[in-house]
Amino acid sequence: MKQIIAIIRPEKFPEVKKALTDAGVKGMTIREVKGRGNQKGIKLQSRGGSYEIEFLDKIEIMVVVHSDMAQKVMDVILASARTDRGPGDGKIFVLPVDEVIRIRTGEKNDDSL
Ligand SMILES: Nc1ncnc2c1ncn2[C@@H]1O[C@H](COP(=O)(O)OP(=O)(O)OP(=O)(O)O)[C@@H](O)[C@H]1O
Ligand SMILES: [Mg+2]
């Protein structure tokens, strides 16, 4: 099993959610996060001069899937989260998962997803 953590632009979330759902993903956890990438934030101009926002709003999507679904999920996120607006589209992290248990039934691992 694999844990896939995607940090994406908030405005892309509806599209990514639909693409994941269409690909058969059911359970997922999301949260509003703040982050920065290689650009270490962005510089903005206002009448009072320029200022920097160090951490930008992002959405984190966390999904655990069967290993044979992981590549599909990554591809779906890539296709739906990408924009042509330059830096800041986000990142995908993939981690191995040792164990999953459905609390209601005690089912484990592949049966519990
Ligand atoms: N190395 C990292 N570790 C943890 N979180 C990260 C890392 N890189 C990016 N993130 C998270 O992903 C968000 C989006 O990153 P971002 O798309 O700006 O990555 P990038 O590497 O700077 O690529 P780009 O050049 O396309 O902007 C960040 O705001 C942060 O929340
Ligand atoms: Mg960046």
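Counting convention: from 1, in listed order, for ligands and their atoms alike. Just so it is clear, the values below take in all heavy atoms, side chains as well, and ignore hydrogens, waters and symmetry mates.
The shortest heavy-atom distance from Leu56 to ligand 1 is not under 4.0 Å. Heavy atoms of Phe55 come nearer than 4.0 angstrom to ligand 1 in no pair at all.
Taking both residues in full, the closest heavy atoms of Glu52 and Lys40 are given as OE1-O, 4.3 Å, listed atom of the first, atom of the second, then distance. In terms of heavy atoms, Pro10 sits closest to Ile59 at CA-CG1, 3.6 Å.
For atom 10 (N) of ligand 1, the closest non-hydrogen atom of the protein is Arg36 O, 3.9 Å. In this structure, atom 9 (C) of ligand 1 lies nearest to the protein heavy atom Lys91 NZ, 3.7 Å. When hydrogens are left out, the protein atom nearest atom 13 (C) of ligand 1 is Ile7 CG2, 3.6 Å; that is the closest non-hydrogen contact. Here the protein heavy atom with the shortest distance to atom 25 (O) of ligand 1 is Gln39 NE2, 3.1 Å. In terms of protein heavy atoms, atom 5 (N) of ligand 1 is closest to Phe93 CZ, 3.7 Å. Scanning all protein heavy atoms for the shortest distance to atom 17 (O) of ligand 1 gives Gly90 N, 2.7 Å.
In this structure, the side chains of Phe55 and Val33 stay at 4.5 Å or more apart for every pair of heavy atoms.
The shortest N/O to N/O separation between Lys58 and ligand 1 does not fall below 3.5 Å. Not one N or O of Lys34 is nearer than 3.5 Å to an N or O of ligand 1, by distance alone. Residue contacts with ligand 1: Gly88 is placed with a nitrogen or oxygen under 3.5 Å of a nitrogen or oxygen of the ligand (distance criterion only). For ligand 1, the polar-atom distance check finds an N/O of Gly35 within less than 3.5 Å of one of the ligand's N/O atoms.
Residue Asp89 approaches ligand 1 through these ligand atoms, each under 4.0 Å from one of its heavy atoms: 17 (O). Atoms of ligand 1 found under 4.0 Å from any heavy atom of Pro87, numbered from 1 in the order shown, are 24 (P), 25 (O), 26 (O), 27 (O).
For the pair Arg36 (side chain) and Gly41 (backbone), a donor-acceptor distance under 3.5 Å is absent. The backbone N or O of Lys34 sits nowhere less than 3.5 Å from a side-chain atom of Asp57 that would complete a donor-acceptor pair. Looking at Asp89, its side chain does come within 3.5 Å of a backbone N or O of Thr83 through a donor-acceptor pair. Formation of a donor-acceptor pair under 3.5 Å by the Ser67 side chain with backbone atoms of Met1 is found in this model. For the pair Lys2 (side chain) and Gln71 (backbone), a donor-acceptor distance under 3.5 Å is absent.
Atom CE of Met74 sits about 11.0 Å away from atom CE of Met69, to the nearest 0.5 Å. A distance of 10.5 Å separates OG in Ser80 from CG in Asp75, rounded to the nearest 0.5 Å.
Under 4.0 angstrom from ligand 1, the non-hydrogen atoms of Asn38 come from both its backbone and its side chain.
The Mg ion (ligand 2) has an N, O or S atom of Gln39 under 2.8 Å away, backbone or side chain.
By the definition of a contact as any protein heavy atom under 4.0 Å away, atom 23 (O) of ligand 1 is not in contact.
The local environment of CZ in Arg85 is crowded, with over 12 non-hydrogen atoms from other residues, nucleotides or ligands closer than 6.0 Å.
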